[in-house]
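Here the structure comes first, spelled out in structure tokens, and everything after it is commentary.
Since the model is a prediction, treat every value here as computed from it, not as a measurement.
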Amino acid sequence: MKPLSQLFSLKKSEETSTKSFDENEEDREQIRITYYQSGFAASVKATGKPIVLKACLQNLYMSFEDQCRKQKMEQDRLKQPYREEQEKNRTELKKSEAAIGIYEKKEQDINDNIDQIKNEIIEVKRNPDKYGIEEGKGLKAQFYIGLILLLPITLYVLVFYISASYSAFFKEFSNDSLTAAIFDADAFTNAFKASWLEGVLVVTIPFVFMGLGYVIHMVQKGKGIKNIFRLAALFAITFLFDSLLAYIIEKKIYEFNKTTESSPYNLNIALGEPEFWMIIFAGFVVYIIWGLVFDFVMKEFENIDKIRAFIRGKKENLINLEKLKTDYINKTNDFKQQIVTINGKISELQSKIDGFVFPVKEYLHYHHQYKEGWFQAIGTELALPYKEKEELLQSCELYSEEHLSKLNLVDPDFQHLVYSKN
């Protein structure tokens with residue numbers, strides 16, 4: 001096996017020398033020749049026996065592997081890609097750690113905000129003035145008093161306008177009683193008896209006035225000269241509607257009581273009749289009172305509802321903050337998982353760096369050179385019949401393939417085989 005020792009001496013000199021590229025290629029060519037010569041000499045000595053070839057190939061592989069382990073500069077060159085990849089992973093690791101710090105800080109800020117909001121929800125009930133909310137038992141009492149007053153006034157408005165609208169549009173007078181004109185106990189039933197459309201009209205007219213009252217309340221919230229004109233227009237429309245009802249009712253009463261000497265009914269006559277003004281004030285003035293009480297009740301309810309609105313707003317903020325917190329926690333967990341994965345890759349690369357890289361392609365080339373020398377010796381140096389030589393060559397080829405198969409080196413698709421350090 002002297003040629004093998006010469007082979008590895010050449011490889012060692014290749015590692016430590018500072019020869020040019022051409023000189024290194026000459027050394028590699030000499031190494032290939034040495035493998036060929038080693039195989040040729042061993043085959044002649046063993047008379048080409050396959051079992052000896054098997055032992056020589058195993059010895060060749062072990063010697064090549066041992067020599068690879070000892071070639072530090074070559075190993076460093078082969079391991080350089082793993083070191084570069086490891087540095088990239090360390091950079092990603094630092095980025096992930098920085099991202100975790102950022103998201104944990106954001107999560108802590110959100111936790112502080114959540115605690116503050118929870119304290120505000122508790123504190124606003126105890127001290128509403130602290131948050132600019134005028135709330136107290138007095139305001140609640142005013143709200144309930146206004147609500148109690150609003151209910152019977154609303155009932156009055158319903159009854160008045162049902163009766164007045166029925167009297168104005170559908171009723172035929174059989175007496176001149178103003179009370180019968182303003183209030184007809186049978187207005188509701190008589191209207192529906194006549195027609196369901198007549199009944200619906202009579203019933204819905206009061207809600208027209210209430211709708212106007214609600215609109216007036218909403219307009220009052222605005223500011224500016226435009227709102228003042230709108231408010232005045234709404235009151236004027238309501239007054240004209242009441243005046244029209246009073247005019248029609250008073251006309252029916254006048255027509256019922258008129259004689260042949262009576263003048264035709266007109267606006268001047270209506271304005272001079274006290275009943276005309278009684279109908280207006282029985283409706284319009286009470287309607288104004290209803291509107292003022294309704295506006296007062298709504299404002300007091302808004303004052304009472306400020307605390308509930310404040311708490312609702314804070315609870316909505318809590319929901320949004322909890323969603324944001326969950327998002328930050330998920331991102332933090334993702335980066336933590338990335339750190340685990342990156343640390344695993346770094347450890348795996350480190351084990352490769354601490355191990356050694358076996359140059360598969362180079363070994364296979366030398367393996368074939370050695371086998372070629374072995375086969376060449378069988379063909380030229382051994383005096384055997386042709387058939388025996390062919391059988392001997394086939395047996396040697398089987399042992400060679402078996403050797404590579406055990407090493408998982410039959411037609412490999414990789415350049416290097418990495419042996420990690422356990």
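- When only modelled atom types and interatomic distance are considered, S400 and H367 share a side-chain donor-acceptor pair under 3.5 Å.
- Y370 and Y36 have their aromatic ring centers separated by at least 6.0 angstrom.
- To the nearest 0.5 Å, the span separating CG on N317 from CD on Q116 amounts to 11.0 Å.
- Remark: Y328 pairs with Y103 by the ring-ring contact (aromatic ring centres under 6.0 Å, His included) rule, at least two apart or across chains.
- At a threshold of 4.5 Å between non-hydrogen side-chain atoms, the residues L384 and T47 do not count as touching.
- Heavy-atom contacts from other residues, nucleotides or ligands closer than 6.0 Å to NZ of K49 number 12 or fewer.
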Given F375 and E397, is the side chain to side chain contact (heavy atoms under 4.5 Å, CB included) satisfied, shown in steps?
CA-CA 9 Å; F375 283 16; E397 180 65 29; 3.4 Å; yes
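- Salt bridge status for R90 with E87: present, with a side-chain N to carboxylate O gap under 4.0 Å.
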Evaluate the side chain to side chain contact (heavy atoms under 4.5 Å, CB included) criterion for residues Y399 and L57: first the C-alpha distance (whole Å), next the side-chain angles of each, then the deciding distance (0.1 Å), finally the verdict.
CA-CA 9 Å; Y399 276 108; L57 291 177; 5.8 Å; no
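- In this structure the side chain of H403 reaches within 4.5 angstrom of the side chain of Q58, judged on heavy atoms.
- Taken from CG in N333 to CD1 in I100, the straight-line distance is 9.0 Å, to the nearest 0.5 Å.
- Considering only heavy atoms from C-beta on, K314 stays 4.5 Å or farther from K118 through its side chain.
- Side chain of Q86 to main chain of I346: a donor-acceptor pair is present (N/O by atom type, distance under 3.5 Å, no hydrogens or angles).
- Within the 3.5 Å criterion, the main-chain N or O of Q337 finds a donor-acceptor partner in the side chain of T341.
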In sequence, state the C-alpha distance, the side-chain angles, and the governing distance for K345 and E85, and then conclude on salt bridge (charged side-chain N to carboxylate O under 4.0 Å, His left out).
CA-CA 9 Å; K345 291 181 180 179; E85 186 177 354; over 6 Å; no
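- One finds the CG atom of L318 at 6.5 Å from the CD1 atom of I114 (value rounded to the nearest 0.5 Å).
- Once rounded to the nearest 0.5 Å, the distance linking CG of L393 with CG of L398 reads 11.0 Å.
- Distance CD/Q376 to CD/Q37: 12.5 Å, rounded to 0.5 Å.
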Applying salt bridge (charged side-chain N to carboxylate O under 4.0 Å, His left out), run through K88 and E84 and close with a yes or a no.
CA-CA 6 Å; K88 291 180 181 178; E84 293 175 356; over 6 Å; no
Quick one: do D334 and Q338 satisfy side-chain hydrogen bond (donor to acceptor under 3.5 Å, both in side chains)? Show the steps, please.
CA-CA 6 Å; D334 290 341; Q338 286 184 22; over 6 Å; no
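- The shortest non-hydrogen separation linking A46 to V52 is CB-CG1, 3.4 Å.
- Counting only distance, with no hydrogens or angles, the side chain of S43 and the backbone of G39 share no donor-acceptor pair below 3.5 Å.
- Using cut-offs of 30° and 60° for the angle between ring planes, the Y35 and Y366 rings count as parallel.
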Apply side chain to side chain contact (heavy atoms under 4.5 Å, CB included) to residues I311 and K315 and explain how you reach the verdict.
CA-CA 6 Å; I311 293 175; K315 287 183 177 181; 3.6 Å; yes
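- Between the side chain of D327 and the backbone N or O of K323, no donor-acceptor pair lies under 3.5 Å.
- Each of N111, D109, N113 was evaluated against K325; a single residue qualifies, N111, per the side chain to side chain donor-acceptor pair (under 3.5 Å) test.
- One N or O on the side chain of S96 and one on the backbone of E92 form a donor-acceptor pair closer than 3.5 Å.
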Begin from the C-alpha positions of L392 and L382 and carry the test side chain to side chain contact (heavy atoms under 4.5 Å, CB included) through to its verdict.
CA-CA 11 Å; L392 183 60; L382 299 183; 4.1 Å; yes
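- Within the model, atoms CG of L364 and CG of L407 stand 9.0 Å from one another, a figure rounded to the nearest 0.5 Å.
- Listed for the N330 side chain is a donor-acceptor partner under 3.5 Å among the backbone atoms of T326.
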